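Before any comments, here is the structure.
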Amino acid sequence: MLGLSKKRQAETTAFSAFIRNASSAEKKRVYNRVLTKASERQNEIVRRAGVERHATC
């Protein structure tokens, strides 16, 4: 059988298990928390960049 080899199955990770098994409500709660943290970090970076820019003027 040429060309009909089995593909290796990818290793299951905690992230893929979460995506596959978590309820919709749990995913929504986690996504909201992750997006909130990401926004906070991004705002901090923007704030620092503004402070540094004004310090060099």
Side-chain angles (χ1 to χ4, degrees):
M1 290 196 213
L2 298 173
L4 297 177
S5 62
K6 268 190 164 181
K7 290 185 180 180
R8 287 187 338 172
Q9 188 173 13
E11 184 179 331
T12 299
T13 64
F15 179 72
S16 64
F18 171 78
I19 296 299
R20 205 172 40 256
N21 300 323
S23 68
S24 178
E26 188 175 8
K27 287 177 189 175
K28 191 173 187 176
R29 181 181 57 80
V30 170
Y31 292 159
N32 185 40
R33 189 168 152 196
V34 168
L35 291 173
T36 298
K37 286 288 187 185
S39 292
E40 289 171 357
R41 289 178 184 159
Q42 192 173 42
N43 288 336
E44 179 63 18
I45 290 169
V46 170
R47 186 192 66 75
R48 285 183 185 178
V51 168
E52 290 174 8
R53 187 169 7 130
H54 290 295
T56 59
C57 292

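The shown structure was predicted, so the numbers you read here are calculated from the model rather than taken from an experiment. Atom set for the values below is all heavy atoms of this structure, side chains included, hydrogens, waters and symmetry mates excluded.
Taking hydrophobic clusters as Ile, Leu, Val, Met, Phe, Trp and Tyr residues chained together by side-chain heavy-atom distances below 4.5 Å, I19 shares a cluster with V30. Under a hydrophobic-cluster definition in which Ile, Leu, Val, Met, Phe, Trp and Tyr are linked whenever side-chain heavy atoms come within less than 4.5 Å, directly or via other members, V46 and V51 are assigned to different clusters.
Every pair passing side chain to side chain donor-acceptor pair (under 3.5 Å) that includes a residue from residues 25-48 is listed here, sequence neighbours excluded: E44-R47, E44-R48. Residue pairs satisfying the side chain to side chain donor-acceptor pair (under 3.5 Å) criterion with at least one member in residues 7-21, sequence neighbours excluded, are listed as follows: T13-S16.
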